[in-house]
Amino acid sequence: MFREMRRGKQALRTAACEEVLERGTAGVLAVAGDDDYPYAVPLSYVYDAGRQAIYFHSALSGHKLDAVRRNSKVSFCVVDKDSVIPKEYTTYFRSVIVFGTIRILEDSGEKYHAIEALALKYAPDDSREGRDGVIGDGTRFCMLKLKIEHMSGKEARELSRHKLDIAADKWKLRDTACLYEKESRAVYSANAEKWGNVIIKISEDKKELKSGFDMLKALDGAGCCKAYEFDGALGVAVIERIFPGSPLREEPNPERRVEAFYGVFQTIHTNGAACEGYETYMDWLERAEQFCKDSCVKEEISEKMHRAYQIGKEMFAKYPERVLLHGDLHHDNILLGSAGYCMIDPKGIVGPEIFDIPRFLLNEFGYASGEEAKAHMQRLLGLLTEKTGYCVEDMEKLLFMEGILDVVWCMEDGEYTEEVLSSLNCFFGETLP
């Protein structure tokens with residue numbers, strides 16, 4: 001229904017799009033105006049992530065209201081960044097466009113919610129009494145609600161390089177080289193006068209980047225790379241580069257893979273950081289289930305995501321301990337260093353310790369296929385039970401949960417999902433765990 005972005009490598013992830021909408025202060029609403037002329041009008045707004053909606057304030061009459069009464073289909077654009085670079089005859093930009101249907105709010109409860117949300121965004125320091133004095137009973141206001149059906153964002157690939165230049169100057173980095181550039185994330189290697197060989201991570205998902213950095217900082221090198229510097233305004237983190245840096249994926253022996261995984265697993269949780277202020281795994285599951293409800297996903301996926309959410313609740317209740325988890329402890333995030341294997345790139349998410357096992361198991365599907373995959377996974381589950389004491393049944397449930405969560409995240413980002421689904425279906429068959 002909605003076009004795919006032609007230059008997909010410049011596309012922003014959903015989380016980065018939402019950040020743009022949350023921090024933006026104005027955008028342009030495009031409606032079908034008089035005599036078939038498009039009518040684009042700049043407006044203040046507030047984004048409600050929970051309701052997947054954008055609210056606007058409007059005069060009680062006018063061109064805009066006449067247009068939305070005739071045709072409720074609209075688009076809305078927010079420009080987050082537009083740095084002009086004269087010597088390159090270009091701009092370093094970032095913007096988001098949403099499509100959806102718009103309506104005039106009639107329900108008094110939702111109307112008040114929209115007015116208050118706008119007030120909190122644009123006058124956050126005002127008191128409750130002050131807001132109530134302005135809002136009154138809400139009858140003086142006309143509020144519009146744009147229900148989001150599709151969202152896309154785009155940024156100049158040069159933005160990451162621009163941030164890298166700033167970071168290099170700030171922390172005296174030299175010999176920078178690109179390791180990874182995609183969408184709103186990039187990873188570079190460099191040499192720092194103060195720390196030696198380092199990795200520079202740049203991300204528009206600054207919240208996740210900071211959570212992971214804070215986890216590394218708290219662990220202080222115990223089972224992980226060291227964390228050096230973080231710039232929240234830029235969305236840049238500087239961390240230790242691990243040598244030789246061979247990923248666990250390259251280890252052919254499954255027993256040794258389990259041994260290496262368990263060594264990292266127990267170290268980062270034994271010496272973990274405090275959990276206050278971090279998101280929980282249930283937050284991830286709730287957002288994924290809401291995405292399925294709000295999007296046109298297959299009924300099969302929606303049902304499986306609901307089961308994954310139920311498993312998450314069940315395991316959170318069964319295992320009441322809370323630790324700071326890696327959140328993505330797969331084979332390529334466990335690297336061989338001079339002192340043995342250690343982890344990199346944590347997400348910093350709160351949950352029971354067992355929740356850091358299924359991502360490792362999910363990667364193990366890549367070592368066998370068909371009936372051999374079942375036997376291989378059962379063997380791995382047995383080895384992990386011996387190491388951790390967790391029962392096979394619970395780890396199987398969490399493997400299903402993690403796999404479906406991965407499928408939904410891929411769908412959200414417009415990426416391929418059939419491989420993971422095929423592996424899960426082969427292992428679990430028709431019966432959900």
Side-chain angles (χ1 to χ4, degrees), residues 9 13 15 160 177-190 197-203 205 208-209 211-213 215-216 219 221-227 237-269 281 284 324-349 355-369 373 376-377 380 383-384 398-399 402-403 405-407 409-410 413 415-417 419-420 423-424:
K9 290 184 178 180
R13 293 168 62 89
S160 291
C178 177
L179 300 179
Y180 173 89
E181 279 182 336
K182 185 180 179 184
E183 302 169 355
S184 55
R185 297 165 292 163
V187 180
Y188 305 93
S189 63
N197 291 304
V198 297
I199 293 293
I200 304 100
K201 295 183 66 179
I202 299 176
S203 175
D205 193 343
E208 180 181 276
L209 186 65
S211 292
F213 181 86
M215 182 177 183
L216 291 175
L219 289 169
C224 66
C225 60
K226 291 183 178 180
V238 182
I239 61 176
E240 176 188 12
R241 185 174 187 184
I242 301 299
F243 283 99
S246 304
L248 183 58
R249 185 182 298 280
E250 295 179 2
E251 170 55 60
N253 187 293
E255 284 86 358
R256 289 177 185 167
R257 289 199 299 273
V258 171
E259 188 72 35
F261 166 78
Y262 180 66
V264 172
F265 175 84
Q266 65 173 345
T267 302
I268 64 175
H269 297 145
Y281 230 96
W284 281 1
L324 195 56
L325 302 166
H326 183 286
D328 197 20
L329 198 55
H330 59 67
H331 296 52
D332 293 322
N333 280 338
I334 301 175
L335 304 183
L336 184 60
S338 57
Y341 281 99
C342 66
M343 68 85 165
I344 62 169
D345 199 22
K347 298 298 177 279
I349 192 81
F355 275 56
D356 253 347
I357 293 177
R359 179 58 68 164
F360 168 79
L361 285 170
L362 199 60
N363 271 196
E364 286 291 326
F365 278 126
Y367 292 90
S369 59
H376 174 71
M377 296 302 290
L380 267 289
L383 291 171
L384 285 168
L398 288 170
L399 172 60
E402 188 71 25
L405 183 60
D406 185 63
V407 167
W409 277 342
C410 286
D413 292 336
E415 296 176 357
Y416 182 73
T417 63
E419 186 176 344
V420 175
S423 297
L424 292 175

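Since the structure is predicted, the reported quantities are computational estimates derived from the model, not experimental observations. Nothing fancy with the numbering, it's 1 onward along the sequence.
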Given the options Leu335, Ile199, Ile344, Cys225 meets side chain to side chain contact (heavy atoms under 4.5 Å, CB included) only with Ile344
First locate atom CZ of Arg257, then atom CZ of Arg249, and finally report the distance between them rounded to the nearest 0.5 Å.
-> 9.5 Å
Do the side chains of Ile242 and Cys342 get nearer than 4.5 Å, heavy atoms only?
-> yes
Is there a side-chain contact between Leu398 and Glu402 (heavy atoms, below 4.5 Å)?
-> no
Between the CG atom in Asp345 and the CG atom in Leu209, the distance rounded to the nearest 0.5 Å is 9.0 Å
Check whether any side-chain heavy atom of Pro346 sits under 4.5 Å from a side-chain heavy atom of Leu216, and report yes or no.
-> yes
Inter-residue atom distance Ile268.CD1 - Leu324.CG, 0.5 Å rounding | 8.5 Å
Under the side-chain contact (heavy atoms from CB on, under 4.5 Å) criterion, do Arg256 and Leu248 qualify, and how do the steps go?
-> CA-CA 9 Å; Arg256 289 177 185 167; Leu248 183 58; over 6 Å; no
When rounded to the nearest 0.5 angstrom, what distance separates CE in Met215 from CG in Leu219?
-> 5.0 Å
Per the salt bridge (Lys or Arg N to Asp or Glu O under 4.0 Å) rule, which among Asp205, Asp356, Asp328 passes with Lys347?
-> Asp328
Any Ile202 side-chain heavy atom under 4.5 Å of Tyr188 side chain = yes
Hey, what do you get for CZ (Phe261) to NE2 (His331), rounding to the nearest 0.5 Å?
-> 9.0 Å
Where is the tightest heavy-atom contact between Ser246 and Glu250, given as atom of each residue plus distance?
-> CB-OE1, 3.7 Å
Rounded distance (nearest 0.5 Å) linking atom CG of Leu405 with atom CZ of Arg359 = 7.0 Å
Side-chain touch Phe365/Leu399, heavy atoms, less than 4.5 angstrom | yes
Is the shortest heavy-atom distance from the side chain of Leu362 to the side chain of His330 under 4.5 Å?
-> no
Is the shortest heavy-atom distance from the side chain of Ser189 to the side chain of Arg241 under 4.5 Å?
-> yes
Side-chain heavy-atom pair Leu329, Phe360 within 4.5 angstrom cut-off | no
